[in-house]
S.K.: 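Take this structure, written in structure tokens, and hold onto it; I'll ask about it next.
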Amino acid sequence: YSFDTTTVPFSIDPMVGLVTVIGKLNATVQETYTLIVICRDLIGNSSSVLLTITILPYNNYAPIFIGAPYSAHVAEYAAVGTPVYTVYATDADIAPYNVITYSIVGGNDQRKFAIFSFIGVVYVNEVIGHPATYVLTIRAQNVDPFSDTNRSLSLSSETTLNVTVLDENDNSPVLQPLDANRLFPN
């Protein structure tokens, strides 16, 4: 047994025809290999058959955030549901391993912010009410549909979103009694 080419990541046992992997396979790069297997007997007679090998996808790549780290600002009395920022990550894997979910995993102890997990929009979850700065840690995680419930085969990456809560003019002016002697000295 033999192949018609040697530039493939497979070998074939010349006596029994067993095909084995000898190189790196990546369905993202090449999904199928079509090979011609040639069989020769001891007196030189031969025949050939077309062999198609399909490489199944695997979760090879972690998501990568585009344009990270991020910064945004929001008013201190912004309404619940007000969008603050949209984070975005890509995944070089092919389906079904390139579906990304987002979560806030740090810097949000008071739960002032939340995120729409499938679209990456960070929004106000609770009225903040005072100027502050929050450094949120955002995780992008690809979904491995074949892993256990702990997502042990999923891959992830993290970045930060610095949110500055802007002071609003929410205090009424206070009038102080005037001292006429200070305004109109003699």
Side-chain angles (χ1 to χ4, degrees), residues 1-72 83-109 111 113-123 125 135-162:
Y1 295 94
S2 64
F3 292 134
D4 67 331
T5 181
T6 58
T7 60
V8 292
F10 304 99
S11 68
I12 189 165
D13 182 283
M15 299 305 290
V16 294
L18 178 67
V19 177
T20 57
V21 177
I22 60 169
K24 186 174 180 181
L25 303 176
N26 185 336
T28 307
V29 176
Q30 186 168 349
E31 242 180 292
T32 61
Y33 292 87
T34 302
L35 308 170
I36 297 174
V37 177
I38 302 166
C39 178
R40 287 189 174 81
D41 64 17
L42 295 176
I43 59 171
N45 296 320
S46 68
S47 66
S48 61
V49 67
L50 199 60
L51 172 65
T52 300
I53 300 172
T54 301
I55 309 305
L56 298 176
Y58 185 77
N59 195 9
N60 295 309
Y61 305 103
I64 298 173
F65 281 98
I66 305 300
Y70 305 109
S71 295
V84 176
Y85 198 87
T86 301
V87 298
Y88 181 69
T90 61
D91 189 314
D93 287 308
I94 59 177
Y97 299 98
N98 61 354
V99 176
I100 298 172
T101 60
Y102 301 93
S103 57
I104 300 173
V105 296
N108 196 30
D109 296 337
R111 299 203 189 314
F113 302 95
I115 192 167
F116 290 111
S117 63
F118 283 99
I119 59 175
V121 175
V122 176
Y123 62 93
N125 191 49
V135 180
L136 305 177
T137 302
I138 309 293
R139 176 178 293 151
Q141 184 168 12
N142 59 21
V143 178
D144 182 345
F146 306 109
S147 72
D148 60 17
T149 56
N150 295 325
R151 297 180 134 197
S152 62
L153 299 177
S154 295
L155 300 174
S156 65
S157 60
E158 294 179 0
T159 191
T160 56
L161 168 60
N162 294 307

S.K.: Output all residues satisfying side-chain hydrogen bond (donor to acceptor under 3.5 Å, both in side chains) with T5, sequence neighbours left out; order by chain, then residue number.
M.R.: T7
S.K.: Hey, can you tell me if F65 and Y102 have their rings parallel, tilted or perpendicular (30° and 60° cut-offs)?
M.R.: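 Because their plane-to-plane angle lies in the 30° to 60° range, the rings of F65 and Y102 count as tilted.
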S.K.: Taking it one step at a time, do T28 and Y61 satisfy side-chain contact (heavy atoms from CB on, under 4.5 Å)?
M.R.: CA-CA 10 Å; T28 307; Y61 305 103; 4.0 Å; yes
S.K.: Can you tell me how far CZ of F10 sits from OG1 of T20, rounded to the nearest 0.5 angstrom?
M.R.: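 So the OG1 of T20 and the CZ of F10 are separated by 9.5 Å.
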S.K.: Is I38 close to D4 at the side-chain level, that is, under 4.5 Å between some pair of heavy atoms?
M.R.: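 Heavy-atom side-chain distance check passes, below 4.5 Å.
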S.K.: Please enumerate all residues that pass ring pair (Phe, Tyr, Trp, His ring centres under 6.0 Å) together with Y88, with sequence neighbours excluded.
M.R.: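 Expected list: none.
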S.K.: Indicate yes or no: at least one non-hydrogen side-chain atom of V84 is less than 4.5 angstrom from one of Y70.
M.R.: no
S.K.: Which pair of heavy atoms, one from F113 and one from N108, lies closest together, and at what distance?
M.R.: O-ND2, 2.7 Å
S.K.: Going by the side chain to side chain contact (heavy atoms under 4.5 Å, CB included) test, name the single residue among T159, V122, T160 that passes it with L136.
M.R.: V122
S.K.: For residues R111 and N125, report the shortest heavy-atom separation together with the two atoms involved.
M.R.: O-ND2, 3.1 Å
S.K.: Ignoring hydrogens, what is the shortest heavy-atom contact between S11 and I22? Give both atom names and the distance.
M.R.: OG-CG2, 3.5 Å
S.K.: Measuring from Y85:OH to I138:CD1, what's the distance to the nearest 0.5 Å?
M.R.: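 The CD1 atom of I138 is 11.0 Å from OH of Y85, to the nearest 0.5 Å.
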S.K.: With sequence neighbours left out, write down each residue that passes side-chain hydrogen bond (donor to acceptor under 3.5 Å, both in side chains) with E158, or none if nothing qualifies.
M.R.: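 Checked E158 against side-chain hydrogen bond (donor to acceptor under 3.5 Å, both in side chains); matches are R139.
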S.K.: Going by the side chain to side chain contact (heavy atoms under 4.5 Å, CB included) test, name the single residue among D91, D93, L155, V29 that passes it with N60.
M.R.: D93
S.K.: To check you understand the geometry: which heavy-atom pair defines the closest contact between P83 and V121, and what is its length?
M.R.: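 Scanning both residues completely, I find the closest heavy atoms to be CB-CG1, 4.1 Å.
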S.K.: With sequence neighbours left out, write down each residue that passes ring pair (Phe, Tyr, Trp, His ring centres under 6.0 Å) with F3, or none if nothing qualifies.
M.R.: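 F3 satisfies ring pair (Phe, Tyr, Trp, His ring centres under 6.0 Å) with no other residue.
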S.K.: Are L25 and P9 close enough that some pair of their side-chain heavy atoms sits under 4.5 Å apart?
M.R.: yes
S.K.: Could you tell me the separation between the CD1 atom of I36 and the OG atom of S2, rounded to the nearest 0.5 Å?
M.R.: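 Interatomic distance, I36 CD1 to S2 OG, rounded to 0.5 Å: 10.5 Å.
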S.K.: Are side-chain heavy atoms of V135 and T137 found at a separation under 4.5 Å?
M.R.: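 Counting from C-beta outward, V135 and T137 never come under 4.5 Å.
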S.K.: Would you kindly say whether T101 and S117 are connected by a side-chain donor-acceptor distance under 3.5 Å?
M.R.: no
S.K.: Report, as yes or no, whether the 6.0 Å neighbourhood of atom CD1 on I66 holds more than 12 heavy atoms from other residues, nucleotides or ligands.
M.R.: yes
S.K.: Test V99 against F118 for side-chain contact (heavy atoms from CB on, under 4.5 Å), laying out the working first.
M.R.: CA-CA 8 Å; V99 176; F118 283 99; 4.2 Å; yes
S.K.: Would you indicate whether the side-chain heavy atoms of Y1 and D13 approach each other to under 4.5 Å?
M.R.: no
S.K.: Does a side-chain heavy-atom distance below 4.5 Å link N142 with N98?
M.R.: no
S.K.: Which residue in the set T34, T32, L35 passes side chain to side chain contact (heavy atoms under 4.5 Å, CB included) when paired with I53?
M.R.: L35
S.K.: Can you name the side-chain hydrogen bond (donor to acceptor under 3.5 Å, both in side chains) partners of D41, sequence neighbours left out?
M.R.: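 side-chain hydrogen bond (donor to acceptor under 3.5 Å, both in side chains) list for D41, sorted by chain: N45.
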S.K.: Which residues pass the side-chain hydrogen bond (donor to acceptor under 3.5 Å, both in side chains) test with N162, not counting sequence neighbours?
M.R.: none
S.K.: Please report the shortest heavy-atom distance between P63 and A140, naming the atom on each side.
M.R.: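 In this case the closest contact between P63 and A140 is CG-O, 3.6 Å.
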S.K.: How long is the straight-line distance from CD1 of I12 back to SG of C39, given to the nearest 0.5 Å?
M.R.: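 C39 SG to I12 CD1: 8.5 Å, rounded to 0.5 Å.
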S.K.: If you look at every heavy atom in I115 and V87, which pair is closest and at what distance?
M.R.: CD1-CG2, 4.1 Å
